[in-house]
Protein chains: 2
Amino acid sequence: MFDPASLKYDAHGLVPAIAQDHATGEVLMMAWMNAEAVAKTLATGKVTYWSRSRQNFWVKGESSGHVQKLVDFRLDCDRDCLLVLVEQTGPACHTNRRSCFYTSVRDGDEVELMAPEAG
Amino acid sequence: MFDPASLKYDAHGLVPAIAQDHATGEVLMMAWMNAEAVAKTLATGKVTYWSRSRQNFWVKGESSGHVQKLVDFRLDCDRDCLLVLVEQTGPACHTNRRSCFYTSVRDGDEVELMAPEAG
């Protein structure tokens with residue numbers, strides 16, 4: 001039986017959660033969860049983070065429509081990092097790009113790998 | 001021109017770095033880098049973290065041989081999380097599993113997805 005309290009949270013009661021597209025393997029974003037966000041994510045199947053800036057739950061896509069449907073919920077060997085495999089509707093990034101990791105460092109320069117989606 | 005100082009570090013001077021297998025897309029592990037570890041990773045092509053427990057640089061695989069050769073170095077929209085695409089030699093996890101994310105939560109129970117590799 002999995003207990004969200006069994007995870008190792010940082011001093012703010014948070015663990016990093018990596019969201020990965022379950023079909024393509026693309027890493028979409030990283031955000032944070034507290035124990036209650038973990039419980040909500042598992043109970044609802046809607047990936048729910050804790051917003052550090054708003055100090056509130058953040059049901060991903062609740063306002064934008066760019067929801068993340070939970071496909072698989074994983075934890076790492078140290079129980080201090082999560083990997084959520086998701087079905088991502090629309091772009092994951094607030095810049096309207098598919099992934100937040102759209103900048104690469106190549107030969108010392110920053111290169112933009114993807115453009116914002118139309119919409 | 002990319003400057004490691006342009007990243008947003010936490011109160012401990014660290015950013016989370018997600019390591020992903022460049023060929024399979026598998027998320028292997030998450031660890032931390034400080035500005036100097038970022039610079040070392042880019043300069044050497046050997047993924048180098050900062051060990052919070054040992055308070056020292058951690059050239060991944062230096063003792064185990066399970067090195068990570070940098071293939072692409074990415075940062076996210078907020079510049080506070082890194083994604084390193086790597087060529088992973090051997091298992092990434094200290095438990096000898098390919099990935100640290102070998103535990104899944106399914107129907108409320110923890111399920112082990114992969115066994116340690118022989119060796």
Side-chain angles (χ1 to χ4, degrees), chain A residues 1-4 6-7 10-12 15-32 38 41-43 52-53 70-85 92-97 99-113, chain B residues 1-4 6-7 10-12 15-32 38 41-43 52-53 70-85 92-97 99-113:
Chain A
M1 188 74 184
F2 172 74
D3 180 0
S6 70
L7 297 174
D10 70 10
H12 305 285
V15 278
I18 303 158
Q20 182 180 30
D21 185 304
H22 81 104
T24 66
E26 189 173 16
V27 174
L28 301 171
M29 57 180 283
M30 194 283 281
W32 299 81
V38 168
T41 296
L42 288 168
R52 296 177 301 170
S53 55
L70 182 68
V71 175
D72 201 22
F73 183 101
R74 299 184 188 166
L75 44 125
D76 79 347
C77 51
D78 292 330
R79 306 182 76 87
D80 64 0
C81 187
L82 302 174
L83 176 66
V84 286
L85 276 70
C93 184
H94 74 287
T95 67
N96 260 358
R97 290 173 177 86
S99 162
C100 294
F101 297 95
Y102 56 83
T103 306
S104 175
V105 176
R106 293 183 182 169
D107 298 324
D109 286 316
E110 295 189 17
V111 177
E112 193 176 300
L113 302 178
Chain B
M1 188 74 183
F2 172 73
D3 180 358
S6 69
L7 298 175
D10 71 9
H12 304 285
V15 279
I18 302 159
Q20 182 180 31
D21 186 303
H22 82 105
T24 65
E26 188 173 18
V27 175
L28 300 170
M29 57 180 283
M30 195 282 281
W32 299 81
V38 168
T41 296
L42 288 168
R52 297 178 301 171
S53 56
L70 183 67
V71 175
D72 201 22
F73 183 99
R74 299 186 188 166
L75 44 124
D76 79 347
C77 50
D78 292 330
R79 307 180 75 85
D80 64 0
C81 187
L82 302 173
L83 176 67
V84 287
L85 276 70
C93 183
H94 74 286
T95 66
N96 261 358
R97 291 174 177 87
S99 163
C100 293
F101 297 95
Y102 56 82
T103 306
S104 175
V105 176
R106 295 184 180 168
D107 299 322
D109 286 317
E110 295 189 18
V111 177
E112 193 174 302
L113 302 178

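In the text below, chain A, chain B and the rest are named by the order of the sequence lines, each starting its count at 1. As the structure is a prediction and not an experimental result, all values here were calculated from the model. The basis for the numbers below is simple: all heavy atoms, side chains too, and nothing from hydrogens, waters or symmetry mates.
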Kindly compute the distance separating [atom1] ([X]) from [atom2] ([Y]), expressed to the nearest 0.5 Å.
X: A/D80; Y: B/R52; atom1: CG; atom2: CZ; value: 6.0 Å
X: A/M1; Y: B/D107; atom1: CE; atom2: CG; value: 10.5 Å
X: A/L83; Y: B/M30; atom1: CG; atom2: CE; value: 11.0 Å
X: A/D76; Y: B/R97; atom1: CG; atom2: CZ; value: 12.0 Å
X: B/D10; Y: A/H12; atom1: CG; atom2: NE2; value: 8.0 Å

**For chain A, the option from B/D3, B/T95, B/V27 that forms the most heavy-atom pairs under 4.5 Å** =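 When all of B/D3, B/T95, B/V27 are compared, B/V27 has the most.
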
**Item:** chain A interface, residue from B/G25, B/C100, B/C93 that has the most non-hydrogen pairs under 4.5 Å
**Value:**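 Among the listed options, the one with the most contacts to chain A is B/C100.
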
**Asked** chain B heavy atoms under 4.5 Å from A/L75: which part of the residue, side chain, backbone, both or neither?
**Response**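 Looking at A/L75, backbone and side chain both touch chain B.
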
**Heavy-atom proximity to chain B below 4.5 Å, by part of A/L113** =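 Only the side chain of A/L113 comes within 4.5 Å of chain B.
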
**Message:** Only pairs of heavy atoms separated by less than 4.5 Å count here; which of A/D109, A/V105, A/V111 has the most with chain B?
**Reply:**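 Answer, by heavy-atom pair count under 4.5 Å with chain B: A/V105.
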
**Request:** For chain B, find which of A/E26, A/R106, A/M29 contributes the most heavy-atom pairs closer than 4.5 angstrom.
**Result:**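 Heavy-atom pair counts peak at A/R106.
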
**Complete:** Residues B/R74 and A/F101: closest non-hydrogen pair is CD-O, 3.8 Å

**Message:** Between A/D78 and B/H94, is there a side-chain heavy-atom distance shorter than 4.5 Å?
**Reply:**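 SC-SC contact between B/H94 and A/D78 confirmed.
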
